[in-house]
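To start, the structure itself, in structure tokens.
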Amino acid sequence: MGFLDIKKATKTYGTVRVLHETDISVEEGEFLVLVGPSGCGKSTLLNMIAGLEDVTSGEIAIRGRRMNDVRPAERNIAMVFQSYALYPNMNVAQNMAFGLEMHGVPKAERDKAVSEVAELLQITQLLNRKPGQLSGGQRQRVAMGRALVRQPDVFLFDEPLSNLDAKLRVDMRTEIKKLHQKLKTTIVYVTHDQIEALTLSTRIAVMFGGYVQQLGTPKEIYDNPANMFVAGFMGSPSMNLFPAKVGMENGEAVARISLHDGETATLPFASGNAMAVHDGREIVLGIRPEAITDEDGADRNSKAIHKLESAVEVTEPAGSDTFVVTQLGGKEVTARFRADVEVKPGDRFPFAVNMEKAVAFDPETEMRISG
Amino acid sequence: MATAAATTNAGAGATQVIRTGAGSRYVIYTLLILFCLYYLLPLYVMVVNSLKPLSEIQAGGMMALPDALTFAPWASAWSSAQVGVEATGLRPYFLNSILMVVPAVAISTVLGALNGYVLTKWRFRGDTIVFGLLLFGCFIPFQMVLIPMARMLGLMGIAGTVPGLIFVHLVYGIGFSTLYFRNYYQQFPTELVRAAMIDGAGFFTIFRRIMLPSSGPIAVVCVIWQFTNIWNDFLFGASFSDFDSQPMTVALNNLVQSSTGVKEYNVHFAGAIMAALPTLLVYIVAGRFFVRGLMAGSVKG
């Protein structure tokens with residue numbers, strides 16, 4: 001049993017089921033990120049943990065205590081909202097102390113707790129200001145301070161960075177990560193930004209359509225996506241997904257991919273003959289852009305680099321890399337080249353594919369085919 | 001040469017624009033001042049005539065400034081004029097009105113705020129129907145409820161008393177005050193209420209500590225609206241009050257109706273100004289919030 005247990009939890013509004021049976025167990029000190037596109041049920045699940053939404057069926061427990069009918073105030077949780085939700089009529093210190101005041105903590109202790117947290121977050125000079133006089137980043141800090149001051153069992157973050165500009169978002173992301181490493185608190189964090197999910201979490205739950213599509217460490221999610229949705233959603237640029245056919249060549253399982261000019265490229269699977277059982281089957285091959293490179297840029301540690309030649313359609317220099325778009329299996333495929341490779345649209349160019357990083361999906365069920 | 005011509009042309013054009021601008025502004029201001037005078041004329045007549053002896057009015061000088069300035073009509077209207085059967089002046093009735101209007105406004109505003117808070121932040125099944133009914137209550141004509149209300153007041157044992165009048169105005173006022181606060185609170189971020197819930201604040205604490213401190217503008221609108229309506233009400237005052245609980249409006253009517261012999265116009269004018277002063281005062285003190293508050297409730301609502 002974990003620190004925070006979500007057992008077969010569902011949520012239904014009228015006849016619409018927005019969250020299907022969900023099981024997640026979070027250990028103490030874990031940083032769980034719920035990620036998914038809008039309407040996937042991630043915020044609903046967070047609100048259920050907070051007690052702001054009822055649990056239709058199933059159970060939510062913190063420290064082994066069933067929370068379904070416990071009021072939000074008594075769950076010993078704190079929440080950081082997307083809009084920060086700072087009380088406009090109170091100054092920063094009052095905002096931070098409000099929760100303690102409501103829980104009957106004496107004034108002296110409140111002041112001490114507030115000043116400690118303010119110091120930790122470097123907002124001591126803001127304590128007497130009203131939220132209206134703060135910048136976005138400062139409000140963000142105060143909102144976190146208000147949560148920290150309570151010393152809750154679980155922190156809930158509801159898209160806390162989405163109202164900040166790009167630069168500040170990256171800074172605050174690092175700061176949240178540092179804070180987590182320092183305080184070792186249990187965090188459940190909702191975001192639609194897959195980069196935030198990958199950088200912050202110790203575990204990720206990728207959600208879509210009210211289902212948890214996959215639950216795992218960032219590395220598991222990134223390298224071994226359970227289905228095509230997870231593969232396409234996580235990572236930027238997203239994973240290339242294109243049709244291929246499994247075949248046998250010299251006793252080895254290979255993927256046959258039709259090229260732009262009607263020819264067929266053959267790429268042996270790295271997993272040896274595990275894919276042989278799927279001989280003749282149509283599959284969707286998933287290869288991330290960084291696993292399709294120019295020859296010199298290929299991963300030297302990989303034992304399964306295979307070459308194929310294809311026509312370059314578009315090049316997108318991005319400073320540190322150049323993204324090269326070509327066609328494989330009739331789909332646009334993005335490859336990641338080193339920035340100084342000379343490549344022009346229209347060229348036929350050799351691409352190096354790292355088959356160790358290739359994953360296969362069933363085109364019907366969109367689920368991963370083990371191989 | 002060409003440049004010079006162009007400059008002249010441009011200069012001429014500019015002058016023309018300014019001239020027409022000044023001209024239209026002149027017309028606008030003249031019209032505004034005329035309208036202003038037109039609207040202020042009744043007030044002028046009232047003030048001027050309340051400050052002259054009756055003989056001057058009877059001599060036909062309604063528009064003239066007083067020859068002999070006197071405050072006697074004011075004193076008489078306040079404390080000694082014949083109102084109904086007693087010569088008490090308007091003072092006791094002014095007091096009645098205050099005793100009626102202050103609690104009625106305060107209670108209806110607080111209850112309206114509470115209703116608005118519940119209807120937007122603690123939604124329940126059928127809340128739109130409840131709100132619809134409250135709204136419907138705003139538009140029931142006063143005359144329709146006179147007889148049922150009289151019966152109710154009788155049953156409650158507060159017929160013909162100031163508390164009875166307070167009750168009547170409360171019933172009518174809650175519809176409007178709820179409407180105002182509901183629309184205002186609809187804009188109020190729900191995340192704040194949720195944050196306060198997680199912080200451990202209960203229903204009334206959230207209302208008192210989070211909602212009310214941000215309700216200034218709409219509270220002013222509500223107070224002005226309720227104050228003006230309740231203070232100026234005549235029908236309920238005439239229908240549900242006794243001699244000793246009559247509000248100002250009814251007493252003013254009695255003052256004007258119950259002159260023995262000659263009509264003391266100067267006293268009537270003074271009395272009418274007295275009856276109008278409190279609402280005027282409320283507007284002057286809180287008026288600048290009025291438009292702002294109305295806008296706040298209506299722009300996105």
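In the text below, chain A, chain B and the rest are named by the order of the sequence lines, each starting its count at 1.
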- Contacts of residues 105-125 of chain A with chain B (heavy atom under 4.5 Å): none
- Task: Please state whether the rings of B:Phe236 and B:Phe142 are parallel, tilted or perpendicular, taking 30° and 60° as the class boundaries.
- Result: parallel
- Query: Can you tell which of A:Leu52, A:Leu86, A:Val80 has the highest number of heavy-atom pairs within less than 4.5 Å of chain B?
  - Reply: A:Leu52
- Contact part of B:Thr205 toward chain A, heavy-atom cut-off under 4.5 Å: side chain, backbone, both or neither? side chain
- With a 4.0 Å cut-off, would you call A:Glu53 and B:Arg194 a salt bridge? yes
- Query: Where does A:Arg146 contact chain B at under 4.5 Å (heavy atoms): side chain, backbone, both or neither?
  - Reply: side chain
- Most heavy-atom pairs under 4.5 angstrom with chain B, which of A:Ser83, A:Gly51, A:Ala78? A:Ser83
- Message: Between B:Met100 and B:Ser245, is there a side-chain heavy-atom distance shorter than 4.5 Å?
- Response: no
- Can you measure from CE (B:Met197) to CD (B:Glu191) and round to the nearest 0.5 angstrom? 13.0 Å
- Answer yes when A:Arg203 and A:Glu30 have at least one side-chain N-carboxylate O distance shorter than 4.0 Å, and no when they do not. yes
- Sorted by chain and number, sequence neighbours left out, salt bridge (charged side-chain N to carboxylate O under 4.0 Å, His left out) with A:Glu28 holds for none
- Distance in Å, A:Leu32 CG paired with A:Thr202 OG1, rounded so as to fall on 0.5 Å steps: 7.0 Å
- With A:Val188, which of A:Leu45, A:Asp158, A:Leu34 fulfils side-chain contact (heavy atoms from CB on, under 4.5 Å)? A:Leu34
- Is it the backbone or the side chain of A:Gln82 that comes under 4.5 Å from a heavy atom of chain B, or both, or neither? both
